[in-house]
2 protein chains.
Amino acid sequence: MKSNISDVAKLAGVSPTTVSRVMNNRGYISQETRDKVDNAMKELNYFPNDLARALFNKRTNLIGLIVPTTTNPFFGELSFHIENICTSLGYKVLLCNSLSQMEKEQSYADMLMRNQVDGIIVGAHNRGISNYNQRNIAVVAIDRYLSKTIPVVGSDNYTGGTLATELLISKGCKNIIHMNGPVELETPATLRRKAYEDVMEGHGRQAITYEVRDPFRQQNHYEVIDRLFDECPNVDGLFASNDLVAASFIAEARKRGKDIPNDIKVVGYDGTETCQILLPELTTIRQPIALIAKTAVELLIKEIEGEYHDLPLETYLPVELIEGNTTGTIA
Amino acid sequence: MKSNISDVAKLAGVSPTTVSRVMNNRGYISQETRDKVDNAMKELNYFPNDLARALFNKRTNLIGLIVPTTTNPFFGELSFHIENICTSLGYKVLLCNSLSQMEKEQSYADMLMRNQVDGIIVGAHNRGISNYNQRNIAVVAIDRYLSKTIPVVGSDNYTGGTLATELLISKGCKNIIHMNGPVELETPATLRRKAYEDVMEGHGRQAITYEVRDPFRQQNHYEVIDRLFDECPNVDGLFASNDLVAASFIAEARKRGKDIPNDIKVVGYDGTETCQILLPELTTIRQPIALIAKTAVELLIKEIEGEYHDLPLETYLPVELIEGNTTGTIA
DNA sequence: CTGAAAGCGCTTACAG
DNA sequence: CTGAAAGCGCTTACAG
């Protein structure tokens with residue numbers, strides 16, 4: 001049913017070599033031959049087999065994308081932009097949702113190797129696959145340290161954390177608490193926490209951080225928030241390292257009769273389009289997601305094309321404070 | 001640098017045939033040979049080349065997924081589930097964000113053909129690629145009619161539309177308006193509109209539907225909502241065919257001094273996890289996204305495996321009404 | 001300007 | 001239980 005290059009050649013009355021040349025626009029071909037071949041391809045509804053091409057060229061133009069889950073709006077948007085940019089540059093994207101599980105990440109990495117991807121973009125939060133680039137394949141990480149030689153791209157987490165914390169202080173909050181992912185992850189996102197701690201210390205305040213073990217399970221948010229309210233009932237400012245956690249906190253606070261922003265002011269992190277639509281009143285630190293995607297893809301492609309030197313190992317793109325009502329003046 | 005089957009064979013002191021047999025567990029191999037081969041593979045950090053395998057087997061275990069954009073939480077979640085289920089069944093997913101643009105869809109479809117995908121799941125909203133399955137490739141559509149022979153999987157839109165409209169009526173709304181995508185799309189989602197119209201008619205009310213041309217551009221929401229408030233200032237009930245549109249409406253209504261739910265009650269559609277976290281007060285019709293994904297993948301794999309007969313052409317999975325405060329009793 | 005041959009990395013009959 | 005040969009659908013030197 002599917003036709004191949006020989007079918008086209010036969011129908012056009014030429015050799016497969018010639019068909020290949022027409023497809024790839026290589027060498028000299030008479031217009032007449034070119035037309036014959038084009039017609040034959042159309043007639044047979046011929047699609048060149050990229051697998052066979054890739055086998056020969058040792059280039060698949062395939063890139064693997066590993067994220068925790070596209071369910072999370074940050075990664076949903078990131079995946080969109082990455083795929084979009086890849087496509088515009090002639091690359092295709094194999095999607096992997098690792099759910100931050102190490103075994104899954106490992107088996108995805110193996111799968112990507114078997115499929116001969118030219119490179120991998122890792123937007124997942126776990127550690128563990130430090131042997132990624134030992135296999136000499138191009139790798140770029142999003143907000144995540146993988147090894148000394150793998151470039152990291154992310155938002156300017158330290159500035160983001162600073163902006164968030166200082167805003168809460170300037171709004172008069174006395175007891176500002178921070179919620180973040182597990183510190184063991186060693187992601188650059190812990191810089192958000194560092195900034196919070198530094199700013200708090202700078203103001204002679206005590207920094208208190210609650211760790212959400214698995215930010216992708218909402219049940220986990222609630223457990224931590226429960227504990228937070230038990231232990232710090234007088235909290236009046238919250239900086240969450242992620243908008244969904246901020247939203248969970250707001251809902252739980254309201255259940256406890258707290259008014260936002262009167263009783264507690266809240267700042268999130270990410271500032272996705274989705275969050276801007278669904279929860280526009282949330283004050284947040286917006287990451288430049290499209291720019292992160294673009295930077296990561298361009299870096300990866302440089303690696304793929306053999307530029308291993310002079311690649312910036314850490315790129316932190318500018319964040320933006322979006323002020324909404326959750327830190328607002330009283331209604 | 002990368003090793004191939006001959007490298008392994010040489011190191012193990014056997015033929016490539018034997019290595020292949022060990023990898024695929026086919027035929028009889030002595031334990032001794034098996035061990036030698038396994039060791040050689042480990043030593044060389046060998047990854048079998050799935051491209052070469054696929055070329056021979058004429059089976060890539062690759063499936064293409066076309067969605068408008070994973071930025072939208074419904075499609076972000078759908079993509080997650082589809083990928084997840086595919087992986088558990090040994091398939092890999094090529095992600096395509098078409099942004100509902102026909103040219104993009106067309107070029108994605110071509111790309112997928114060249115990459116020899118075994119099947120395609122189309123979750124996009126546009127029409128136009130009716131020649132998808134003429135190329136005799138397995139195709140399943142999500143909430144979208146593509147051709148007479150392509151199975152469609154979606155939520156029970158008619159019931160969803162009925163539940164939403166009847167809820168608004170039972171809450172005492174007098175002027176209920178509906179917002180939906182363009183009717184030309186002929187997606188099963190127009191059944192939400194049909195249900196709205198039928199219920200309204202059944203109650204002797206006038207049905208008024210506002211069409212959002214491009215549900216994936218928020219600017220477009222605002223334009224339509226503006227017009228809606230101009231033309232129907234006394235609206236007191238809104239059924240939006242999508243939670244993001246519902247959220248945009250709520251924001252705009254508040255800007256106009258309207259209280260939700262006192263002045264206007266609002267029901268959305270989709271009920272994604274993200275929306276449940278960011279806007280938990282929204283009353284909505286929840287689609288069973290994981291189930292839709294599972295059903296679509298299973299159907300696709302049946303097609304891939306040659307079962308073209310007795311495939312259900314339309315599968316509508318049960319929806320659930322989630323009541324929140326946007327239709328609630330007054331605070 | 002065009003074609004025959006070899007090879008990309010695998011697998012599967014076919015022999016032995 | 002194991003191996004040599006042919007072939008999956010392409011492309012690229014190499015000839016002509």
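In what follows, chains are A, B, ... by sequence order, proteins preceding strands, each numbered from 1. Note: hydrogens, waters and symmetry copies are ignored here, and every other heavy atom, side chains too, is used.
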Which distance, rounded to the nearest 0.5 Å, do you find between the [atom1] of [X] and the [atom2] of [Y]?
{"X": "Asn49(B)", "Y": "Gln116(A)", "atom1": "CG", "atom2": "CD", "result": "3.5 Å"}
{"X": "Leu11(A)", "Y": "Met41(A)", "atom1": "CG", "atom2": "CE", "result": "11.5 Å"}
{"X": "Glu273(B)", "Y": "Thr71(A)", "atom1": "CD", "atom2": "OG1", "result": "5.5 Å"}

Rounded distance in Å - [atom1] ([X]) to [atom2] ([N]):
{"X": "Asn61(B)", "N": "dT11(C)", "atom1": "CG", "atom2": "P", "value": "13 Å"}
{"X": "Arg59(A)", "N": "dG9(C)", "atom1": "CZ", "atom2": "P", "value": "16 Å"}
{"X": "Lys10(A)", "N": "dG3(C)", "atom1": "NZ", "atom2": "P", "value": "14 Å"}
{"X": "Met23(B)", "N": "dG9(C)", "atom1": "CE", "atom2": "P", "value": "13 Å"}
{"X": "Phe47(A)", "N": "dC10(D)", "atom1": "CZ", "atom2": "P", "value": "12 Å"}
{"X": "Arg53(A)", "N": "dC10(D)", "atom1": "CZ", "atom2": "P", "value": "8 Å"}
{"X": "Asp50(B)", "N": "dG9(C)", "atom1": "CG", "atom2": "C1'", "value": "11 Å"}
{"X": "Leu55(B)", "N": "dC10(D)", "atom1": "CG", "atom2": "P", "value": "9 Å"}

(request) Can you figure out which of dC10(D), dG3(C), dG3(D) approaches the side chain of Tyr46(A) most closely? (result)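 So the nucleotide nearest the side chain must be dC10(D).
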(request) Measure from the side-chain N and O atoms of Asn97(A) to the backbone N and O of Thr70(A), and report whether any donor-acceptor pair falls under 3.5 Å. (result)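 Side chain of Asn97(A) to backbone of Thr70(A): a pair is present.
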(message) With a 3.5 Å distance limit and no angle check, can you tell me whether Asp35(A) reaches the backbone of Glu32(A) through a side-chain donor-acceptor pair?
(response)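 No: the side chain of Asp35(A) does not pair with the backbone of Glu32(A).
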(message) Under 3.5 Å for both donor-acceptor distances, Watson-Crick or wobble: does dC14(C) have a partner, and if so which one?
(response)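 Looking at the geometry, dC14(C) pairs with dG3(D).
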Under-4.0 Å side-chain N/O to phosphate OP1/OP2 contact, [X] with [N]:
{"X": "Lys58(B)", "N": "dT11(C)", "value": "no"}
{"X": "Lys2(B)", "N": "dG9(C)", "value": "no"}
{"X": "Thr33(A)", "N": "dT2(C)", "value": "yes"}
{"X": "Asn49(A)", "N": "dG9(D)", "value": "no"}

(request) Could you verify whether a donor N or O on one side chain and an acceptor N or O on the other, from Glu314(B) and Tyr316(B), lie under 3.5 Å apart? (result)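 Short answer, yes.
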(message) Regarding Glu298(B) and Lys294(B), does a basic nitrogen lie under 4.0 Å from an acidic carboxylate oxygen?
(response)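 Yes, this pair counts.
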Using atom names, set out every protein N or O paired with an N or O of nucleotides 12-16 of chain D below 3.5 Å, distance rounded to 0.1 Å.
from	atom 1	to	atom 2	distance (Å)
dT12(D)	OP1	Arg26(A)	NH2	3.4
dT12(D)	OP2	Arg26(A)	NE	3.0

